[in-house]
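Written below as structure tokens is the structure these notes are about.
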Protein chains: 2
Amino acid sequence: MPRINGDRLWADIVTTARFGGTDKGGVTRLTLTEEDRQVRDWFVGECRSLGCTIDVDGIGNIFATYPGEDPSMPPIAVGSHLDTQPQGGRFDGVLGVLAGVELIRTLKETGTVLRHGLTVVNWTNEEGSRFSPAMMGSGVFSGASCLEAIEALTDRDGTTVKTALETIGYRGEIPVGHVGFAAYVELHIEQGPLLEAAATEIGIVTGVQGVRWFDVSITGTEAHAGSTPMAQRDDALVAASEIVLAVRDIARRHSPGVGTTGFATVGPNSRNVVPGTVQLQIDMRHPSEAGLSQMQAALEQAVAAIDAEIGLKHIWSKQPVVFEPATVEAVRASAEALSYSATEVVSGAGHDAAHIAGICPTAMIFVPSKDGLSHNEAEYSSPEECARGTDVLLQTVLQIDLK
Amino acid sequence: MPRINGDRLWADIVTTARFGGTDKGGVTRLTLTEEDRQVRDWFVGECRSLGCTIDVDGIGNIFATYPGEDPSMPPIAVGSHLDTQPQGGRFDGVLGVLAGVELIRTLKETGTVLRHGLTVVNWTNEEGSRFSPAMMGSGVFSGASCLEAIEALTDRDGTTVKTALETIGYRGEIPVGHVGFAAYVELHIEQGPLLEAAATEIGIVTGVQGVRWFDVSITGTEAHAGSTPMAQRDDALVAASEIVLAVRDIARRHSPGVGTTGFATVGPNSRNVVPGTVQLQIDMRHPSEAGLSQMQAALEQAVAAIDAEIGLKHIWSKQPVVFEPATVEAVRASAEALSYSATEVVSGAGHDAAHIAGICPTAMIFVPSKDGLSHNEAEYSSPEECARGTDVLLQTVLQIDLK
């Protein structure tokens with residue numbers, strides 16, 4: 001069984017962390033910035049030197065393909081994203097791309113020949129921080145959104161995606177969606193606390209939760225905190241508090257769903273004035289569409305039962321994704337063959353794999369995140385954890401290659 | 001029975017509303033500003049023309065005294081404050097001072113002679129908006145605070161109270177606390193909804209609620225809204241919501257106490273991040289010190305029962321004030337003599353009378369506030385309501401004068 005070189009992988013993690021590295025050991029490398037150009041150039045240079053052909057499509061997705069025996073077969077793809085959050089970590093997305101590079105090196109040095117080509121992909125703008133929406137490159141590639149509209153989107157300074165791509169020289173010639181894959185497997189850090197808590201080495205990711213976002217606008221009556229009796233109040237913050245607790249309770253009743261009120265503002269926000277207005281932003285997730293619909297119905301019911309003027313708007317959705325069982329099985333069998341402890345998980349966060357699952361058999365592999373941290377400069381997975389995930393990725397590719 | 005002239009009183013309300021008048025029909029006349037100087041000069045001029053002696057003390061309190069028969073007797077005082085909130089109303093404080101002026105005019109034109117002098121007081125900085133604390137002038141007069149410390153306080157621009165007094169020419173020669181009163185009666189708008197809701201014309205104010213202010217600081221754990229299971233969250237906004245509802249419930253259980261969480265901020269305040277920190281500001285009031293202590297104990301208990309890291313700080317108090325029963329009785333008897341509907345109320349808001357009650361027999365008279373509004377440009381009490389309150393004030397003074 002060929003094994004990857006964990007030290008060499010870790011050295012690449014350290015190297016790439018320099019592009020946009022922060023004082024606290026994290027990375028600020030927003031999509032299509034100078035730092036992003038630097039890491040893209042490094043990636044292209046490494047892969048070229050390993051004998052890959054490089055394709056760049058119109059939305060800046062980079063495809064580095066290591067040839068297989070049979071050019072008539074669609075390539076097997078691995079990868080993730082090289083862009084980060086502001087003050088993000090060194091591993092989120094980066095691990096999946098560098099693991100692909102390490103796979104190529106390992107195939108090369110062990111003389112292992114695949115039937116399929118192996119394509120390592122760097123998807124443009126997975127984070128959605130500089131330009132919204134997130135998972136932009138994989139979204140256009142899979143047909144979830146259309147290039148012309150996406151190209152015209154702007155950042156806070158008014159720069160378009162198209163201009164930003166041209167500025168860093170990654171507005172490629174290849175038409176977007178130019179190739180079909182035999183399968184797509186993405187290695188990623190968990191960004192949550194489950195694997196660490198369970199002392200489990202590998203997450204066999206069976207799918208991605210669906211999401212629904214709600215905006216809540218509560219209108220009460222501003223009043224004097226001293227002279228207004230309790231019975232005559234219309235307190236928008238009291239109503240909001242009932243909603244926050246309802247969101248928590250609804251999530252608990254629809255396990256393994258989650259519900260969060262992450263954003264709240266109060267008006268006029270003065271100690272001795274009964275609050276007249278509150279705005280809330282809610283994020284609900286569940287692995288199944290039925291679960292999401294039940295949670296939404298419960299939220300609507302909870303809001304209706306509260307005695308205040310409340311506007312509830314469902315502003316965005318993403319449907320749950322279930323990964324193709326045979327590809328998930330290949331991950332499971334690989335972890336078993338390597339004698340790594342493994343457990344099935346559903347991804348709580350969104351990933352490029354969620355888009356790609358719509359167009360080819362797809363799976364993900366998770367490694368533990370220390371303290372469950374991500375989008376945080378302290379984000380960490382150990383060299384051993386990264387190496388184990390990459391070995392599972394290699395074995396999974398080898399298994400898929402046999403089919 | 002001598003009666004005041006309601007039209008003349010209303011004309012003064014209209015006249016004084018011009019000093020700092022806003023487009024929406026309210027008043028912005030912060031303490032010791034140019035607008036405050038204008039209204040003070042108007043007040044002094046009116047009272048002088050009516051035969052009053054004018055005294056101004058070191059903290060800018062103005063005393064306009066209409067002589068009585070017996071100069072050896074301490075004067076009876078009425079009054080309130082001429083400063084307003086930013087975008088405040090035309091009646092809050094102003095009514096009580098203008099009613100005093102109207103009393104003097106009425107005594108004069110009816111040839112009514114009192115035994116005691118009648119002093120109309122304008123207290124400096126009741127609102128506490130430009131300079132904190134509120135009820136500043138009456139606080140120094142009554143000995144609740146000391147002049148030297150108060151003079152040195154600054155506004156947001158760094159201007160001291162002392163400089164501001166000198167700038168408008170109202171840093172008087174008279175030592176603060178220079179006179180004792182036989183009694184003090186303050187006419188004021190209710191600033192709450194009770195009288196209007198009960199269709200009652202006069203509030204016989206028996207005292208002022210005590211207040212306790214608490215600051216709450218909640219520390220949870222910021223986390224990814226998608227990938228963090230409900231059971232592993234430490235959500236600061238959920239904990240905060242439990243406290244907001246506890247404050248409401250505690251107030252309901254300690255009627256007629258009130259409790260308000262008026263201020264809340266959330267960090268990082270992002271839809272898909274579990275909140276890590278929340279700051280709350282709480283205002284609790286009750287007519288009795290025992291009630292306040294029970295409410296505080298209940299709040300401490302509620303906070304301790306919530307499973308989060310919560311800092312609760314008791315940052316300020318004001319003890320309840322009970323007005324002298326004979327003076328309150330004079331108000332009640334006056335309303336009855338005038339055949340006005342009247343009911344006993346406890347003031348929910350703070351007033352200068354709360355300080356003066358510490359040094360002489362004191363009472364207050366309320367008139368209704370439309371929609372309970374105050375600290376609001378739409379603040380309103382009708383000409384008839386203002387006139388009724390002023391007639392009760394006159395009768396109350398006449399009753400006290402007989403003792």
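In this text the structure is predicted, and so the values were computed from the model without any measurement. Keep in mind that the numbers below use all heavy atoms, side chains included, and drop hydrogens, waters and symmetry copies. Within every chain, numbering begins at 1; the chains are lettered A, B, ... in the order of the sequence lines, protein sequences first and strands thereafter.
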Chain B contact via [X] - which portion, at a heavy-atom distance below 4.5 Å:
X	result
A/Ser270	backbone
A/Phe366	neither
A/Leu194	side chain
A/Pro193	both
A/Gln191	both
A/Arg271	both

Most heavy-atom pairs under 4.5 angstrom with chain B, which of A/Ala264, A/Gly350, A/Ala251, A/Ala231?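 Heavy-atom pairs under 4.5 Å are most numerous for A/Ala264.
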Shorter than 4.5 Å, heavy atoms on both sides: which option in A/Gly259, A/Gly267, A/Ser374, A/Ser347 has the most such pairs with chain B?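 Top count of heavy-atom pairs under 4.5 Å with chain B: A/Gly259.
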Would you find more than 12 non-hydrogen atoms of other residues, nucleotides or ligands less than 6.0 Å from B/Gln232 atom CD?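 Yes.
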Minimum heavy-atom distance [X]-[Y], with the two atoms named:
X	Y	result
B/Leu245	A/Leu245	CD1-CD1, 3.6 Å
A/Glu190	B/Ser227	O-CB, 4.4 Å
A/Gln209	B/Gly226	NE2-O, 3.0 Å
A/Val274	B/Thr260	CA-CG2, 4.0 Å
B/Asn272	A/Trp213	ND2-CZ2, 4.5 Å

State the CG-CG distance between A/Leu237 and B/Leu280, to the nearest 0.5 angstrom. 7.5 Å
What part of [X] is in contact with chain A, defined as an atom under 4.5 angstrom from a non-hydrogen atom: side chain, backbone, both or neither?
X	answer
B/Arg285	side chain
B/Pro229	both
B/Ala197	side chain

Checking side-chain contact (heavy atoms from CB on, under 4.5 Å) for the pair B/Thr261/A/Asp235: CA distance, chi angles, key distance, verdict? CA-CA 9 Å; B/Thr261 307; A/Asp235 186 328; over 6 Å; no
Apply side-chain contact (heavy atoms from CB on, under 4.5 Å) to A/Val258 and B/Arg233, showing your working. CA-CA 10 Å; A/Val258 288; B/Arg233 295 180 177 211; 3.4 Å; yes
